[in-house]
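Worksheet: one structure, shown below.
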Protein chains: 2
Amino acid sequence: MKVTLEQVAKYAGVSRGTVDRVVNKRGNVKPEVEQRVREALKALNYERNKIASALAYSKNEKKVCAMFQKTDSEDYNAKIMQGIHDAKKELKDFGISVEVAICNTSDAGEFIRKIDAMIQEGICGFAIKAPSLPEISEKIDSLVQQKMPVITFNSDIPESHRTCFVGQNLYQSGRVAGNIMASLVRPGEKIVIGCGIPQYNAHQERVDGFVYELKKRGFQEEQWKVFHTNQNYDVTYRCLEEIFEEEDNIRGIYMSVEPNEACGAFLEEHSFLQHPYVVCHDTAPETIEYLKKGVFEYIIDQDIYMQSYYSLLLLRDAFRNGTCDSGKVLGVNIYNAACFE
Amino acid sequence: MKVTLEQVAKYAGVSRGTVDRVVNKRGNVKPEVEQRVREALKALNYERNKIASALAYSKNEKKVCAMFQKTDSEDYNAKIMQGIHDAKKELKDFGISVEVAICNTSDAGEFIRKIDAMIQEGICGFAIKAPSLPEISEKIDSLVQQKMPVITFNSDIPESHRTCFVGQNLYQSGRVAGNIMASLVRPGEKIVIGCGIPQYNAHQERVDGFVYELKKRGFQEEQWKVFHTNQNYDVTYRCLEEIFEEEDNIRGIYMSVEPNEACGAFLEEHSFLQHPYVVCHDTAPETIEYLKKGVFEYIIDQDIYMQSYYSLLLLRDAFRNGTCDSGKVLGVNIYNAACFE
DNA sequence: CTGTTAGCGCCTTCAA
DNA sequence: TTGAAGGCGCTAACAG
C-alpha cells in the first residue's frame, strides 16, 4: 500500500535522488532514465508522503506577513487576529513564521511603506487585506514579479496579479440576502436597503446582488428604497427614522454593511404594528444578540476568521508548488436565531 | 522560535529519550528528574512538532473500519463514500489504512457479524453509522472496553459508550427549520409537516424541534398538521393531495426527511394561488434542482460528506491521545437558491 | 530509571 | 547526469 521513493528507485534501478529529481521536476535527468523512472512510478502507483515531505522541507525557513487594515469593529479585528494566530501555530512546524502588520488608514502610502519594511525583514510572502487602490495594486504586481506569493483576503484587488483571493463573493452574498428577503416580504410591501458608502465598490456590489434577486423574484422598483449609512451610527439611525416616517408598509430592512446596531436600536426604540424583517451581514456579538432577541431575522456571515487563517495556509502551499489552487471563494453562511442555541 | 526535544534535553541536562518520556507521560522517570525536565519545557516553551511526531509514529501501522448502512439515496451513499475516500488518502501518510463495510439491512445481526469479521482482519478502530439498537450498543461497549475507539457518525447511539459522535443535532436542525418557517408564514396561514416514520427517534426529533420553534414564535396548534410519509414517495404524494384538498390557506410545507421529490412533484403538478413555501433537509441533487426552480425555498443541510470524513480523522487522534476531543456536532447549514449560483 | 540509536520518508548538498 | 549521505524532529526498542 505504502510506496516509498526507495522502492521506486530499486524498481527502476536508480537511486532515491534520481527518483526525487523526476518526481519534483528538478531536471538534470537523462530522458531515457526519466522514462524508466516514470514507468516505475506508475507501476508502483507512487504518491509522495506529505508528512515526510513537509518535515524535510521545513529546513527551508520562511517568513510571511499578514497585513490588514483595522476596522472600527474590535470584534472583527479580533477574529482576523485569531485566524492569524491559529495559522501561525499550524505553520510553525512547517518552518514558516508569521509577522503581523496592521494599517490604521486606507492610505496607499502606509501600506506600501509597511510592505517595504517587511521585505527588509526578510518576509517572502504576503496575505493582505487592503483597499483596491492603483498604487497598492502596482506594488503587489512588483512583488509577484519577484516570484513572491501575495494572497489577498476578505477584500480583493482583482486588477492586480495577486496569486489568489480568499473571501466571499460580495455580489453573491447580496443575492443570497435578496433571495431571503424576497421570501419574507410579500406583494405590496416595501423594503429599505442600507448601503454603506456608494463609492466603495464593495458596498455597492452587495446591494446590486440584492436588487438583482428582488427583480428576479418579481419585485418592482417602487417596492424598495436605498439609503446611505455612511457606515455611521447616527446617520443610519436618522435615515431610518425619516424613511419610516415617510413610507408605510415597510416589511423588510437590508443592512448590507455595519452599523447593524443602529438598525437594532432603531427597531427597539420604535414600535410597529408589523415588525419589519431584518437581514444583515456579519456575526458580530451585538448582531447575534439582536438575532436572538428576534429583532433581526437572518445574518449572512462570511467567516472572516477562516479567511485570514486560510489565506496564510495557502501561502504555505504556494511555496511548495510555486503556485496555489486558484484561490478560494469561501461560503456564504446563513444563520437564524435557532442556529445559536 | 522553534524548540526541539534536543534543546530541552540539553537545557535540563538529560537525554532526548527522557524528555520524550516526560512529554508523552510514559512514566519511568525519577520524580526529581521529571521536575527538572518540566521546568526546562516551560522555560523554553516547548511544543512538540506534530509533523515530525506523525512521521515517526506512522511506523505503527493501523487499520480502521468505516461501516454504514446504505440508504435508498444513491447520492447520499456516494457522499459518505467520498468522505471515506478522502479520509483514506489523508490517513495513508499516517500509516492508517481504511476498510469499508456496508450493511444492507438495519438488522443488528448483520452489523455485529460484520464487526466481528473486521476484527478478525485486524481492525483496531471503527467509524460507524448504525441504527440505535440494544445489541449494537452492547457490541460497541464491548469494543470500547477493549480500548478500541468507536466513533458513531450521522446517527448517534447515545446509550452506548462510543468514544464520540460526529453529526448534526437533529432537534436543533428541526428548530432551525421551524424558525425559518415561522419567518415565512403569517398569522392565520397553515403549515404541513411531513414526518418520516414516527417510531424512528431521529425523524421525530426534527419535528419536535420544528414544532417547539413554531410555538415559541406564537403559532397555535391549529395552524399545523403532521402527516407520516413512511419515507415513501407514493404515500407522501397522496398525503399531500389529501391534505391540500381538505385544508386551505396552507402556506408552508416542512419535509423533515426524504422523499423531498414527492413534495416537489406534487407542487409542480398542482397549481395554487399562493404557492406554499417548502423547507426541507439534505442537499440531494434533485432537491437542489427544486430549490433552483423556486419550488422549494430553503434546504437545511448536514454535510454528510464531512461527517464520514471527519469521524475517520478523529479516529487518528484517538490513537494518538487515547481519546479524542469530545466528539463534534457539525453545523446546520442553510441554503437558498442564490447559494448555488 | 536513563541514555543511545535506528528508523519514519523525503529533501538537499556534495562528490563523482 | 547520477549516487551517497546527512539531516528534519520525534518515537520506540534496546542496552545499561
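Worth saying up front: this structure is predicted, and the values here are computed from it rather than measured. Note on naming: letters A, B, ... go to the chains in the order of the sequence lines (proteins, then strands), and numbering restarts at 1 for each one. The basis for the numbers below is simple: all heavy atoms, side chains too, and nothing from hydrogens, waters or symmetry mates.
Residues passing the salt bridge (Lys or Arg N to Asp or Glu O under 4.0 Å) test with B:D20, sequence neighbours excluded: B:R26. Listed by chain and residue number, nothing satisfies the salt bridge (Lys or Arg N to Asp or Glu O under 4.0 Å) test with B:D86 (two or more places apart in sequence, or in another chain). The salt bridge (Lys or Arg N to Asp or Glu O under 4.0 Å) test applied to A:E110 returns A:K114, not counting sequence neighbours. Judged as a salt bridge (Lys or Arg N to Asp or Glu O under 4.0 Å), and not counting sequence neighbours, the contacts of B:R38 are B:E34.
When the C1' atom of C:dG9 is taken as reference, atom OH of A:Y46 falls 7 Å away, rounded to whole Å. Separating the CD atom of B:E6 from the P atom of C:dT5 is a distance of 12 Å, rounded to the nearest angstrom. Between the P atom of C:dT5 and the CG atom of B:L5 lies a distance of 17 Å, rounded to the nearest Å.
Within residues 16-36 of chain A, the residues that place at least one heavy atom under 4.0 Å from DNA chain D are, in residue-number order, A:R16, A:T18, A:R21, A:N28, A:V29, A:K30, A:V33. Of all the residues in residues 48-60 of chain B, B:L55, B:A56, B:K59 reach under 4.0 Å from DNA chain C with at least one non-hydrogen atom.
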Pair A:K89-B:E47, salt bridge (Lys or Arg N to Asp or Glu O under 4.0 Å): steps then yes or no:
CA-CA 10 Å; A:K89 266 175 63 178; B:E47 292 171 37; over 6 Å; no

Please report, to 0.1 Å, the donor-acceptor pairs under 3.5 Å made by any side chain of residues 121-140 of chain B, with sequence neighbours excluded.
| unit_1 | atom_1 | unit_2 | atom_2 | d |
| --- | --- | --- | --- | --- |
| B:S132 | OG | B:E159 | OE1 | 2.9 |
| B:S132 | OG | B:E159 | OE2 | 3.3 |
| B:K139 | NZ | B:D116 | OD1 | 2.7 |

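Within the structure, every pair that satisfies the salt bridge (charged side-chain N to carboxylate O under 4.0 Å, His left out) test and touches residues 60-71 of chain B, not counting sequence neighbours, is listed here: A:K2-B:E61. Residues in residues 140-153 of chain A take part in these side chain to side chain donor-acceptor pair (under 3.5 Å) pairs, two or more places apart or across chains: A:T152-A:D156. Evaluation of the salt bridge (charged side-chain N to carboxylate O under 4.0 Å, His left out) test over residues 10-19 of chain B, restricted to residues two or more places apart or in two chains, returns B:E6-B:R16.
In the displayed structure, B:K50 atom NZ is contacted under 6.0 Å by at most 12 heavy atoms of other residues, nucleotides or ligands.
With rounding to the nearest 0.5 angstrom, the OG atom of A:S53 is 9.5 Å from the CD1 atom of B:I51.
Inspection of the B:D303 and B:Y310 side chains reveals no N or O donor paired with an N or O acceptor under 3.5 Å.
Rounded to 10 degrees, the angle separating the terminal axes of the helix from C:dC1-D:dG16 to C:dA16-D:dT1 is 50°, with each axis obtained from five end pairs.
You'll find the side chain of A:V29 stays beyond 4.5 Å of the side chain of A:V14, heavy atoms only.
Of all nucleotides in DNA chain D having an atom under 4.0 Å from a heavy atom of chain B, the first and last in 5' to 3' order are D:dG9 to D:dA13.
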